[in-house]
Number of protein chains: 2
Amino acid sequence: MGIKCRNCPIRQLPLFDPMSSTEIEFMEKFKVGEMNMEPGVPILAEGANTPQLYTALSGMGLRYKLLEDGRRHVISLVLPGDFIGLQAGVLNQMTHSVEATTAMTLCVFDRSELWSLYRNQPARAFDLTWLAANEERFLGEALAALGQREAYELLAWALARIWRKLNALDMTSGTVAPLPYRQQDLADAMGLSLVHTNKTLAKLRNSDLAFWSDGELTVPDIEALEEVGLCRDESLRKRPLI
Amino acid sequence: MGIKCRNCPIRQLPLFDPMSSTEIEFMEKFKVGEMNMEPGVPILAEGANTPQLYTALSGMGLRYKLLEDGRRHVISLVLPGDFIGLQAGVLNQMTHSVEATTAMTLCVFDRSELWSLYRNQPARAFDLTWLAANEERFLGEALAALGQREAYELLAWALARIWRKLNALDMTSGTVAPLPYRQQDLADAMGLSLVHTNKTLAKLRNSDLAFWSDGELTVPDIEALEEVGLCRDESLRKRPLI
DNA sequence: CGACTCATTGATTACCTTCAAATATTGTGG
DNA sequence: CCACAATATTTGAAGGTAATCAATGAGTCG
């Protein structure tokens, strides 16, 4: 059934809170298996109510919403350590879809045990609320970014945020990090057209701020990029891992 | 100290979940008082970490974020029944500011009791996560709206959502409801300029879809408005009240 | 090698912003 | 009580940012 929680490679990262042995024990009972997803495969669909919850172990994905007329809005990226399905677990219904962009490995949890978590593991319950509140925080920032920034600033903001997160996940080497998405994905996340996204990325390139091609993002100077993106110095705080 | 939870007028609304007598008992201990805010007064500031949490009892407010250069983005409205300070309670830091637009009455809770809630009231802890996840849901929808809709659709979407919520709170009478904000507030929420917001509101008026002036919103036909706003039929589900 | 997907570039159009000014409406002090 | 300041709404005009339309280039795969 794959990796035991006690050996979880992700939890070793300094980004994540340490876990007590009692908690690890509980998590190993909570975890019912692992799942491997092919690239492009849907993980959860908007409106669905699944019996399982997930944590991304490896690979990258997307959260998105579809409008009736086919327009798509990408809500956020899914990176290793991200919890998937909180809304299904709590609201009984996903309000966005999730799909794998690259091949992904997911930890699978049994949703029916969620109640036991709230009854017997108050600290873990608190962590779940933390994750939900943190997602709320991120979406609030994204909303302000989309609303107030113009394309050039906005893309700088997005790439800087992504860079910081990849860095915290120890996925950067020097000035390079993997970013295996299409320009269309980023365009759908920013509410910009593909054409304009492409042209704005070219500007960032010409300004030596960010180079993104062939699934690799190169950022020579993250602080310069953050300055253009009007990023606050939001240091990534330690966070719980489910 | 104002209203006792058992007599809470808000919880009577069909929008909210019923509460067991044990829960009411706990909430009455959790609640430490009430607070009256003057119009325009800040309730919580971004970055702050307060010892108190709130629930809006009456009046209306705004959640917003400020960019360094002074631009403001309005995240959402604060209406009766809304919980204020979840982020401070869980993340130890507000990631947006909250201020009263009209005079407001707030229930005040003692944040240091939050742990006791997680230890002793798992159902209430679950409700808190529910609220956080629900906020995440709303912000995801707002993000998709800002990203994918043009101004005319967007304002229709926003006014329709607001109308539905006011209606669920029993604040509508016929086709009229109070909406005591400025056009600038709505503009800052939609990421549009004041001028364009004004002109687009005029179009909605000319289409007989929505009339908003002097703090009053009139919607002759909510379903027509929702159609323009591309609103899903998201019926407002029952929700917990803290 | 042809079909397909994705990235890139140019030209045109349109939505939205900015600038500017006029018109209420309200509160204040002489 | 009226003049004046301050706030909010409304309207017109001009300019810029971003969308759409269209076509080409580059890489992958069966």
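Chain letters run A, B, ... following the sequence lines, proteins first, then strands; residues in each count from 1.
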Length of the CG-P vector between A:D188 and D:dA19, whole Å: 11 Å
Evaluation steps, side chain to side chain donor-acceptor pair (under 3.5 Å), between A:E46 and A:H96: CA-CA 4 Å; A:E46 184 166 353; A:H96 55 251; over 6 Å; no
A:R149, A:E141, A:Q148 screened by side-chain hydrogen bond (donor to acceptor under 3.5 Å, both in side chains) with B:H73, the one that passes: A:Q148
Heavy-atom check, side chain of A:L44 versus side chain of A:Q87, under 4.5 Å: no
A:R71 CZ to D:dT20 P, straight-line distance once rounded to whole Å: 9 Å
Carboxylate-amine/guanidinium proximity below 4.0 Å for B:E68 and B:R71: no
Protein-nucleotide distance (A:E150, atom CD; D:dG15, atom C1'), rounded to Å: 14 Å
Electrostatic pair A:D82:A:R239 at N-O distance under 4.0 angstrom: yes
Sugar-phosphate only, base, or nothing, as touched by A:G215 at under 4.0 Å among non-hydrogen atoms: nothing
Pairing of A:K65 and A:D188 as salt bridge, 4.0 angstrom limit: no
Atom-to-atom span, CG of B:D185 to C1' of D:dT9 - whole angstrom: 13 Å
Rounded distance (Å) that lies between atom C1' of D:dA18 and atom CG of A:L146: 14 Å
Residues A:R72, A:D185: salt bridge by 4.0 Å N-O rule: yes
side-chain N/O B:Q183 vs D:dT10 OP1/OP2, d < 4.0 Å: yes
Length of the CG-P vector between B:L192 and D:dG16, whole Å: 20 Å
Axial bend angle, the helix from C:dC1-D:dG30 to C:dG30-D:dC1: five-pair end segments, nearest 10°: 30°
First of A:R149 and B:Q184 reached from the 5' end of DNA chain D, by closest nucleotide: B:Q184
Spacing of A:L186 atom CG relative to D:dA18 atom P, expressed in whole Å: 14 Å
From C:dC6, C:dC19, D:dA19, nucleotide with atom closest to A:H196 side chain: D:dA19
No-hydrogen, no-angle side-chain donor-acceptor test under 3.5 Å, B:N49 and B:Q93: no
Close side-chain approach of A:L169 and A:L15, heavy atoms under 4.5 Å: yes
Per-nucleotide protein contact string for nucleotides 23-30 of chain D (B base, S sugar-phosphate only, - none; heavy atom under 4.0 Å): --------
Separation of atom OH in B:Y152 from atom P in C:dA14, rounded to whole Å: 19 Å
B:R232 vs B:E226, salt bridge (charged side-chain N to carboxylate O under 4.0 Å, His left out): CA-CA, chis, key distance, verdict: CA-CA 8 Å; B:R232 297 273 177 85; B:E226 285 180 330; over 6 Å; no
Positions of residues 198-208 of chain A (non-hydrogen atom under 4.0 Å from DNA chain D), listed by number: none
Plane angle bin for B:W157 and B:F138 - parallel if under 30°, tilted between 30 and 60°, otherwise perpendicular: parallel
Residues B:S58 and B:T105: side-chain donor-acceptor under 3.5 angstrom: yes
